[in-house]
A.B. asks: 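Below: one structure in structure tokens.
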Amino acid sequence: MNDSHHSTARFDGAPPEDLLRQAAGYLRAYDLPTDLGETALSATFSEAWVTLELDGAGFSLDIRAGNSAQLHQAREGVLVVLDQISPETCAALEWQGEVARNVRPPNFHLGTVLDVRRVSANFLRVAMRCEGICNLLSGGMHFSLLLAPGPVPRWPEVNDKGRTVWPDGADKLHRAAYTFVELNPEEGWFTFDVFEHEGGQTTGWAKAAKPGDTVGIMGPGGGDFPQADHMVMGGDETALPAIRRILEHAPTDRRGEVFVETADPADRCDMPLPEGMRLTWLRRGEDEPLLEHMLAATLPGPGESRFVWLAAEAGIVRAARRHFREEAGLGREEMYLSAYWTA
Ligand SMILES: Cc1cc2nc3c(=O)[nH]c(=O)nc-3n(C[C@H](O)[C@H](O)[C@H](O)COP(=O)(O)OP(=O)(O)OC[C@H]3O[C@@H](n4cnc5c(N)ncnc54)[C@H](O)[C@@H]3O)c2cc1C
């Protein structure tokens with residue numbers, strides 16, 4: 001564990017009621033692993049580690065990470081949670097150690113379009129030169145793409161209190177999450193795939209993008225490779241790049257099933273599949289829906305190394321969450337069920 005970057009905060013006074021339990025609730029809602037004790041709460045933010053500890057005089061926060069971007073990102077996450085519990089307490093925190101102030105956020109990078117090409121009927125692949133790409137190599141396979149509304153972008157900045165301030169009004173940025181396809185740190189570029197859908201701002205941007213156009217990149221944005229021996233995976237077009245990356249990193253002896261649902265069979269692509277996994281392509285509107293396949297898939301029993309991974313439209317994910325949590329009784333650490341878009 002590389003935790004060479006470090007910041008701490010102190011609050012003296014009566015902490016908000018039930019602070020640890022409330023904070024644990026918010027962190028778990030973001031699917032972050034937490035450990036809640038009598039007087040301390042610890043949480044893991046991808047590659048940053050946070051401890052909140054109560055004492056007789058107030059509480060202390062300790063955040064450690066492998067680089068400045070991950071430290072800043074975890075600190076922002078903690079502040080978002082504390083703001084929801086008690087904005088006054090959050091504002092009164094005294095921060096020490098490495099805290100970015102009056103700069104671009106350490107997890108912000110400028111991206112310059114190198115090339116856009118069609119990879120299948122409804123997917124465009126964007127190649128992007130990216131400053132500071134080394135900071136994107138760990139901390140997850142996703143990032144946020146920031147698109148400016150006009151030709152002169154205003155990017156986010158960190159204020160003198162160490163909080164990221166986002167441009168608003170006419171300067172408001174469009175923000176959407178994407179998944180790295182390939183990262184090449186030696187040459188300083190990465191690629192990602194945009195699924196073209198009706199009314200999508202990113203779709204419109206990608207169709208018109210030219211070499212030299214600039215965008216903002218916020219990341220790394222989480223998204224780990226699950227480690228289980230047996231996996232049931234599923235997703236729609238938006239999840240296809242993530243499923244492909246997880247399969248690329250899968251151990252060769254992994255077992256399980258993968259379901260990918262697309263509206264157009266022409267978007268099916270080669271998938272690197274371990275021998276013990278079976279891939280089923282589904283055609284939306286014609287085959288039995290993705291959700292039915294996910295719910296019917298066979299999983300090993302409790303105590304065995306198993307994992308359910310699903311990313312799709314929010315309603316499908318909600319129904320899957322109900323089933324796997326409440327009926328199948330899977331623990332949080334045994335699943336990743338994420339809404340990648342909302343209809
Ligand atoms: C962690 C994560 C990783 C992701 N990775 C990828 C990726 O690698 N490639 C990719 O293409 N997408 C990916 N997505 C999904 C993508 O972020 C969303 O589809 C997002 O809405 C696209 O933004 P937009 O600017 O195109 O659409 P917006 O302008 O935000 O939305 C406009 C309209 O499009 C609708 N819409 C959004 N997505 C779809 C869809 N798939 N089908 C039909 N209508 C839709 C919305 O309901 C909205 O009404 C990912 C999402 C997450 C959370």
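When a ligand or atom number is given, it counts from 1 through the structure's own listing order. Start at 1 with the first residue, then count along the sequence. Keep in mind that the numbers below use all heavy atoms, side chains included, and drop hydrogens, waters and symmetry copies. Being a predicted model, the structure only gives us computed values, none of them experimental.
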A.B. asks: Should side-chain heavy atoms under 4.5 Å link Ile, Leu, Val, Met, Phe, Trp and Tyr, which residues sit in the same cluster as Leu114?
C.D. replies: Trp189
A.B. asks: Please report whether the ring centroid of Phe190 lies less than 6.0 Å from that of Phe180.
C.D. replies: yes
A.B. asks: Atom 48 (C) of ligand 1: protein heavy atom closer than 4.0 Å?
C.D. replies: no
A.B. asks: Which residue and atom name correspond to the protein heavy atom nearest atom 45 (C) of ligand 1, and how close is it?
C.D. replies: His197 ND1, 3.2 Å
A.B. asks: Taking distance alone, with N or O pairs closer than 3.5 Å, would you say Gly200 contacts ligand 1?
C.D. replies: no
A.B. asks: Is it the case that atom CZ in Arg118 sees more than 12 heavy atoms from other parts of the structure closer than 6.0 Å?
C.D. replies: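 More than 12 within 6.0 Å, yes.
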A.B. asks: Give a yes or no on whether atom 24 (P) of ligand 1 lies under 4.0 Å from any heavy atom of the protein.
C.D. replies: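 So far as the 4.0 Å threshold goes, atom 24 (P) of ligand 1 is in reach of a protein heavy atom.
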A.B. asks: Please name all residues satisfying side-chain hydrogen bond (donor to acceptor under 3.5 Å, both in side chains) with Arg163, sequence neighbours left out, ordered by chain then number.
C.D. replies: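 Counting only residues at least two positions away or on another chain, Arg163 forms a side-chain hydrogen bond (donor to acceptor under 3.5 Å, both in side chains) with Asp83.
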A.B. asks: Quick check on His174 - does any of its heavy atoms sit under 4.0 Å from an atom of ligand 1?
C.D. replies: yes
A.B. asks: If you measure only the distance, is there a donor-acceptor pair under 3.5 Å linking the side chains of Asn107 and Gln73?
C.D. replies: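 Short answer, yes.
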A.B. asks: Looking at Arg278, I want to see if its CZ is surrounded by more than 12 non-hydrogen atoms of other residues, nucleotides or ligands under 6.0 Å.
C.D. replies: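 It does not: Arg278 CZ has 12 such atoms or fewer within range.
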A.B. asks: Would you kindly specify which portion of Val194 sits under 4.0 Å from ligand 1, judged on non-hydrogen atoms: side chain, backbone, both or neither?
C.D. replies: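 Just the backbone.
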A.B. asks: Can you tell me which residue among Tyr178, Trp341, Phe123 is in a ring-ring contact (aromatic ring centres under 6.0 Å, His included) with Phe195?
C.D. replies: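 When ring-ring contact (aromatic ring centres under 6.0 Å, His included) is applied between Phe195 and each of Tyr178, Trp341, Phe123, only Phe123 qualifies.
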A.B. asks: With a 4.0 Å heavy-atom cut-off (strictly under), which part of Asp193 contacts ligand 1: side chain, backbone, both or neither?
C.D. replies: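 It is the backbone that touches ligand 1; the side chain stays farther off.
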A.B. asks: Answer with yes or no whether Gly199 contacts ligand 1, where contact means a heavy atom under 4.0 Å from a ligand atom.
C.D. replies: yes
A.B. asks: Report the part of Asp236 (side chain from C-beta onward, or backbone N, CA, C, O) that has a heavy atom under 4.0 Å from ligand 1; answer both or neither where that applies.
C.D. replies: neither
A.B. asks: Side chains of Glu131 and His109: is there a donor and an acceptor less than 3.5 Å apart?
C.D. replies: no
A.B. asks: Hey, does Phe192 sit under 4.0 Å from ligand 1 if you only count heavy atoms?
C.D. replies: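 No; Phe192 lies far enough from ligand 1 that no heavy-atom distance drops under 4.0 Å.
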A.B. asks: Would Glu198 count as a contact of ligand 1 if the rule is a heavy atom under 4.0 Å away?
C.D. replies: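 Glu198: in contact with ligand 1 (<4.0 Å).
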A.B. asks: Using a 4.0 Å heavy-atom cut-off, which part of Gln201 comes near ligand 1: side chain, backbone, both, or neither?
C.D. replies: both
A.B. asks: Relative to ligand 1, is Pro241 under 4.0 angstrom through side chain, backbone, both or neither, heavy atoms considered?
C.D. replies: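 For Pro241, only side-chain atoms sit under 4.0 Å from ligand 1.
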